[in-house]
A.B. asks: 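First, the structure itself, so that you have it in front of you.
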2 protein chains.
Amino acid sequence: MSSDASPAPAPVTLREVAASAGVSVATASKALNGQGRMTAETRERIRETARRLGFRPNSLAQSLLRRRSFTVGLLTNDTYGRFSLPLMSGVSDALVDAGVSVFLCNVEDDTRLAQLHVEAMLDKRVDGIIATGKRIDRHLPVDLANLRIPVIYAFTQPDPGAIAFVSDDSGGARLAVEHFCRLGRKRIAHVTGPASFAVVHERAQAYRDVLTEKGLPVMEPLLGSWSEAWGHEAVKKLFDGQGKLSKTGSEKPDAVFCGNDQIARGVIDALRERGLGVPDDVGVIGFDNWQIVAEATRPPLTSVDMNLAALGREAGLTLLSLVGGQPAAPGIRKLPCRLVVRQSCGRPPDG
Amino acid sequence: MSSDASPAPAPVTLREVAASAGVSVATASKALNGQGRMTAETRERIRETARRLGFRPNSLAQSLLRRRSFTVGLLTNDTYGRFSLPLMSGVSDALVDAGVSVFLCNVEDDTRLAQLHVEAMLDKRVDGIIATGKRIDRHLPVDLANLRIPVIYAFTQPDPGAIAFVSDDSGGARLAVEHFCRLGRKRIAHVTGPASFAVVHERAQAYRDVLTEKGLPVMEPLLGSWSEAWGHEAVKKLFDGQGKLSKTGSEKPDAVFCGNDQIARGVIDALRERGLGVPDDVGVIGFDNWQIVAEATRPPLTSVDMNLAALGREAGLTLLSLVGGQPAAPGIRKLPCRLVVRQSCGRPPDG
DNA sequence: CTGAAAGCGCTTACAG
DNA sequence: CTGAAAGCGCTTACAG
């Protein structure tokens with residue numbers, strides 16, 4: 001009972017199991033671990049005794065011997081994290097079945113706090129560390145380069161020579177733009193976030209590449225903030241006054257690929273407010289597939305999903321194999337995004 | 001280096017420090033822990049040696065002796081959790097300074113998974129457990145009642161006789177409705193979530209109580225889903241046809257208190273679409289203070305904040321004191337909400 | 001003032 | 001086939 005002040009009964013130890021079964025602790029240990037050689041009856045008797053007493057080995061003692069704590073540290077600065085959360089749950093899922101538990105370390109952007117957490121992890125002899133964050137192009141405020149345990153970076157800026165998993169933003173952007181092309185859209189605009197984000201450039205380049213490949217006009221991407229308000233403003237820029245399509249003169253876009261779902265939401269609302277139909281007049285695709293936003297948008301938003309839970313899984317499994325002594329090549333692994341189709345793009349012309 | 005296959009150098013042990021300083025491990029231990037009696041020079045020499053070698057005590061060994069692992073388990077089923085996240089970061093912040101690390105256990109609504117995590121926690125000899133979830137009136141899919149370590153419930157249904165922290169939803173609702181009254185609103189409606197949620201009734205009752213106290217007309221709360229779509233629909237019900245105010249006949253509301261921010265967002269959008277101004281014609285208040293929604297709403301949404309980070313802090317500190325052997329009375333502690341005023345309610349009449 | 005010994009709970013060679 | 005011994009890295013009475 002949580003509120004009961006009575007002294008908690010100590011957990012039963014191997015020594016007690018051994019005594020109760022009339023064997024030595026060594027034999028008891030071997031019986032339970034399937035090690036050594038003994039009669040099947042002895043082994044079964046010991047196992048039965050352990051079961052009866054509710055014996056569970058003290059993981060701290062085991063860790064001390066094995067030099068392996070079956071814990072890992074998960075560092076993140078994405079406190080209110082819509083990015084961290086799926087990633088964390090992916091990591092956790094990948095590890096729980098291996099009996100590995102995850103320490104959650106909220107480091108904010110605070111070097112002192114980050115240092116504190118890293119030291120706590122090291123003191124607790126975690127088997128490895130996963131570093132994650134809220135953007136791919138920023139490093140956590142702490143140096144993880146020369147630890148004596150494996151480190152995996154996921155969705156955050158890695159140290160040189162490290163192993164990192166990130167989403168393939170370029171591929172994700174291609175998915176979106178190619179989807180528009182497949183639907184017969186011809187004048188595709190791109191409204192995205194600030195120039196200070198690496199992904200803004202990466203996605204914009206993919207946008208340009210696809211349009212160039214398809215022989216469609218490329219509009220200069222509109223950079224702004226990651227907000228609905230910017231979505232509204234961008235629609236004003238795109239649909240007021242003369243259009244700015246490089247090849248076709250003054251025609252208005254019939255599709256907008258947005259850098260995130262909030263921008264897309266703003267774009268869709270602004271289009272509706274000026275009497276433009278989505279998807280009939282203009283198709284819209286977002287990025288992040290933030291379910292709660294994408295589904296509330298009218299109509300529900302088609303969006304690029306970065307597969308962050310899968311990314312977390314991969315990071316977790318790779319860390320596990322590193323801890324297990326398997327080698328792994330350093331470098332940045334880009335994991336594919338996927339397009340989640342809802343109703344903001346319409347059907348193919350022949351569909 | 002994470003990707004380097006060279007054998008990791010073992011961490012330096014107390015034995016090495018002792019050898020290097022020319023003392024016994026016992027003396028070294030005492031020197032570093034400020035225990036025992038020895039000359040100031042000896043102590044300082046040992047400390048200096050430890051510092052020079054980068055000695056950090058193995059927390060696993062210490063835990064084994066002290067019967068205290070300086071870890072706690074945090075169970076949650078709020079995977080994509082906008083509720084869990086601030087709560088978790090509150091817990092983590094409260095504990096990190098005490099050197100206590102937090103195991104993140106994502107149990108979903110899966111009994112097997114929850115059991116697995118609880119056993120892992122017990123095996124790892126966590127000092128205590130914090131159970132949290134996505135709603136106050138649902139129990140996690142696992143029994144935490146008779147563990148031999150303290151358990152604190154936070155924002156989830158507790159076991160009888162346990163210690164729990166929850167938000168004061170009734171008080172939060174009062175805050176909202178009284179704010180409307182203070183601004184001179186007279187016909188205040190309430191649009192909220194499904195009847196299956198306890199908080200729906202608790203908040204609705206507070207809504208009725210305040211209006212009754214103030215002698216204002218009480219409208220029957222409109223129950224629906226926690227979605228923007230329901231916000232739209234509710235506006236239709238409230239503003240189409242004849243009004244349904246019990247005392248004043250057919251007058252339309254001049255204020256809507258919403259059960260969450262998404263409903264509020266839908267209400268505000270719907271009002272604007274029918275040409276009603278917020279806050280001039282109708283004031284709107286939400287619940288949850290989900291920043292990203294509240295700030296994107298036009299105008300930005302006044303909302304009730306459940307202070308979940310503070311709730312997490314309290315839960316963490318209380319667990320700490322329980323672990324430290326302080327007694328604490330069982331029962332449910334309701335922590336106050338706060339009203340975050342933005343622009344959806346207007347200024348007071350004389351403001 | 002300092003060190004040898006015992007021990008936390010377990011595992012793993014090594015004897016018998 | 002089973003057990004005594006040593007040891008993981010540390011701390012804490014207890015001697016000296």
Side-chain angles (χ1 to χ4, degrees), chain A residues 8-47 49-50 53-71 99 122-127 148-149, chain B residues 8-47 49-50 53-71 99 122-127 148-149:
Chain A
V12 2
T13 69
L14 185 61
R15 180 207 298 267
E16 301 175 64
V17 173
S20 173
V23 297
S24 70
V25 286
T27 304
S29 172
K30 280 175 282 193
L32 298 175
N33 294 319
Q35 302 294 323
R37 12 188 64 258
M38 66 194 70
T39 60
E41 296 110 283
T42 310
R43 195 182 293 276
E44 191 41 54
R45 177 165 46 88
I46 296 171
R47 290 205 160 141
T49 309
L53 299 181
F55 171 73
R56 308 232 80 210
N58 184 330
S59 175
L60 298 171
Q62 295 181 313
S63 299
L64 201 53
L65 271 316
R66 294 189 183 150
R67 275 83 199 297
R68 185 120 152 46
S69 65
F70 290 88
T71 62
L122 260 18
D123 290 352
K124 280 169 181 143
R125 298 300 189 263
V126 291
D127 299 329
R148 58 179 183 295
I149 50 174
Chain B
V12 1
T13 69
L14 186 61
R15 180 206 297 267
E16 301 175 66
V17 173
S20 173
V23 296
S24 69
V25 286
T27 303
S29 172
K30 280 174 283 192
L32 297 176
N33 294 319
Q35 302 293 322
R37 14 189 62 261
M38 64 194 69
T39 58
E41 296 110 283
T42 310
R43 195 181 293 276
E44 192 41 54
R45 177 165 47 87
I46 296 171
R47 290 205 159 141
T49 309
L53 300 181
F55 170 73
R56 306 233 80 209
N58 183 330
S59 176
L60 298 171
Q62 295 181 314
S63 299
L64 200 54
L65 272 317
R66 294 189 183 149
R67 276 80 201 296
R68 185 122 155 45
S69 65
F70 290 89
T71 62
L122 260 18
D123 289 351
K124 282 170 178 141
R125 299 298 189 265
V126 292
D127 300 329
R148 58 182 184 296
I149 51 173

A.B. asks: Starting at CG of L65(A) and ending at C1' of dA6(D), how long is that distance when rounded to a whole Å?
C.D. replies: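 Value for this atom pair: 11 Å.
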
A.B. asks: Taking dG7(D) as the reference, what is the distance to dA4(C) when you measure between their P atoms (whole Å, please)?
C.D. replies: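 These two P atoms come out 16 Å apart once rounded.
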
A.B. asks: Check every atom of dG7(D), dG3(D), dC10(D) against the side chain of L14(B) and return the nucleotide holding the closest atom.
C.D. replies: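 Looking only at heavy atoms from C-beta outward on L14(B), the closest nucleotide is dC10(D).
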
A.B. asks: Is S29(B) close enough to dT11(D) that one of its side-chain N or O atoms is under 4.0 Å from OP1 or OP2 there?
C.D. replies: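 The answer is yes; a side-chain N or O of S29(B) sits under 4.0 Å from OP1 or OP2.
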
A.B. asks: For dT2(D), take OP1 and OP2 only and decide whether either is under 4.0 Å from a side-chain N or O of R43(A).
C.D. replies: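 Checking R43(A) against dT2(D): no side-chain N or O falls below 4.0 Å of OP1 or OP2.
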
A.B. asks: Looking at N58(A), L60(A), L64(A), which hits side-chain contact (heavy atoms from CB on, under 4.5 Å) with S63(B)?
C.D. replies: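 Testing S63(B) for a side-chain contact (heavy atoms from CB on, under 4.5 Å) against N58(A), L60(A), L64(A) leaves exactly one candidate, L60(A).
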
A.B. asks: Less than 4.5 Å apart, any side-chain heavy atom of R56(B) and any of L122(A)?
C.D. replies: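 No, every pair of side-chain atoms sits at 4.5 Å or beyond.
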
A.B. asks: Tell me whether D123(A) contacts the main-chain N or O of S59(B) through its side chain, where contact means a donor paired with an acceptor under 3.5 Å.
C.D. replies: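 The answer is no, because no donor-acceptor pair under 3.5 Å joins these two groups.
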
A.B. asks: Find out whether R125(A) and P11(B) are in side-chain contact, i.e. whether some heavy atom of one side chain is under 4.5 Å from a heavy atom of the other.
C.D. replies: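 Yes; the side chains approach each other to less than 4.5 Å.
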
A.B. asks: Please state how far atom CD in Q35(A) lies from atom C1' in dT12(C), giving the value in whole angstrom units.
C.D. replies: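 Rounded to whole Å, this separation is 9 Å.
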
A.B. asks: Suppose we define a pair by two distances each less than 3.5 Å, Watson-Crick or G-U wobble; what does dG16(C) pair with here?
C.D. replies: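 Answer to the pairing question: dC1(D), which forms a Watson-Crick or G-U pair with dG16(C).
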
A.B. asks: Nearest whole angstrom, please: distance from the C1' of dG3(C) to the CE of M38(B).
C.D. replies: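 About 11 Å, once rounded to whole Å.
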
A.B. asks: Of the nucleotides dT2(D), dC1(C), dC10(D), which has the atom closest to the P57(B) side chain?
C.D. replies: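 Of all the options, the side chain of P57(B) is nearest to dC10(D).
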
A.B. asks: Distance check: side-chain N/O of R125(A) vs OP1/OP2 of dG9(D), anything under 4.0 Å?
C.D. replies: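 Indeed not, no polar side-chain atom of R125(A) lies that close.
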
A.B. asks: Take atom NZ of K30(B) and atom P of dT2(C), then tell me their distance rounded to the nearest Å.
C.D. replies: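 After rounding, the gap between these two atoms is 10 Å.
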
A.B. asks: Of the candidate nucleotides dG9(D), dA4(C), dT2(D), which contains the atom at the shortest distance from the side chain of A26(B)?
C.D. replies: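 Closest of the options to the side chain of A26(B): dA4(C).
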
A.B. asks: Just how far, in rounded Å, is C1' of dT2(D) from CG of L32(A)?
C.D. replies: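 Going from CG in L32(A) over to C1' in dT2(D) covers 15 Å.
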
A.B. asks: How do G36(B) and V12(A) order along DNA chain C: which one's closest nucleotide is nearer the 5' end?
C.D. replies: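 Mapping each residue to its closest nucleotide by heavy atoms, the 5'-most match is G36(B).
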
A.B. asks: Choosing from dC8(C), dT11(C), dC10(D), which nucleotide comes nearest the side chain of Q62(A)?
C.D. replies: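 The listed nucleotide nearest to Q62(A)'s side chain is dT11(C).
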
A.B. asks: Rounded to the nearest angstrom, tell me the gap between atom CZ in R45(B) and atom C1' in dC1(C).
C.D. replies: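 So the CZ-C1' distance, R45(B) to dC1(C), works out to 12 Å.
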
A.B. asks: On the nucleotide dC10(D), are OP1 or OP2 found under 4.0 Å from the side-chain N or O atoms that R15(B) carries?
C.D. replies: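 Looking at the OP1 and OP2 atoms of dC10(D), neither is under 4.0 Å from any side-chain N or O of R15(B).
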
A.B. asks: Heavy atoms, side chains only, cut-off 4.5 Å: are L32(B) and R47(B) in contact?
C.D. replies: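 Counting from C-beta outward, L32(B) and R47(B) do come under 4.5 Å.
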
A.B. asks: So M38(B) and T27(B), side chain to side chain contact (heavy atoms under 4.5 Å, CB included) or not? Walk me through it.
C.D. replies: CA-CA 9 Å; M38(B) 64 194 69; T27(B) 303; 4.0 Å; yes

A.B. asks: Both V23(B) and A61(B) contact DNA chain C. Which one's nearest nucleotide lies toward the 5' end?
C.D. replies: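 In this pair, the answer is V23(B).
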
A.B. asks: Should P57(B) and L14(B) count as side-chain neighbours, where that means a heavy-atom distance under 4.5 Å?
C.D. replies: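 A side-chain contact is absent here, since even the closest heavy-atom pair is not under 4.5 Å.
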
A.B. asks: Of all the choices, dT12(C), dT11(D), dC10(C), which nucleotide is nearest to the side chain of N33(B) once you look at every atom?
C.D. replies: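 Looking only at side-chain atoms, N33(B) lies closest to dT11(D).
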
A.B. asks: Taking the side chain of N58(A) as heavy atoms from C-beta outward, which of dC10(C), dT11(D), dC14(C) is closest to it?
C.D. replies: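 Out of dC10(C), dT11(D), dC14(C), the nucleotide with an atom closest to N58(A)'s side chain is dC10(C).
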
A.B. asks: Please state how far atom CG in L64(A) lies from atom C1' in dG7(D), giving the value in whole angstrom units.
C.D. replies: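 Rounded to whole Å, this separation is 9 Å.
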
A.B. asks: Tell me what T13(B) touches on the nucleic acid: a base, only sugar-phosphate, or nothing, going by heavy atoms under 4.0 Å.
C.D. replies: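 Here T13(B) touches the backbone only, sparing every base.
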
A.B. asks: Between S24(A) and dA4(D), is there a side-chain N or O to OP1/OP2 distance below 4.0 Å?
C.D. replies: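 No, S24(A) has no side-chain N/O under 4.0 Å of OP1/OP2 on dA4(D).
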
A.B. asks: Which nucleotide sits closest to the side chain of T27(B): dG3(C), dG9(D), dC10(C)?
C.D. replies: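 Of all the options, the side chain of T27(B) is nearest to dG3(C).
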
A.B. asks: Does OP1 or OP2 of dT11(C) have a side-chain N or O of R66(A) closer than 4.0 Å?
C.D. replies: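 R66(A) to dT11(C) OP1/OP2: side-chain N or O found under 4.0 Å.
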
A.B. asks: Looking at every strand, decide which applies to T42(B) at a 4.0 Å heavy-atom threshold: base, sugar-phosphate, or nothing.
C.D. replies: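 Sugar-phosphate, backbone atoms only, no base.
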
A.B. asks: Give the rounded distance in Å between these two atoms: CZ of R37(B) and P of dA13(D).
C.D. replies: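 The answer, rounded to whole Å, is 15 Å.
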
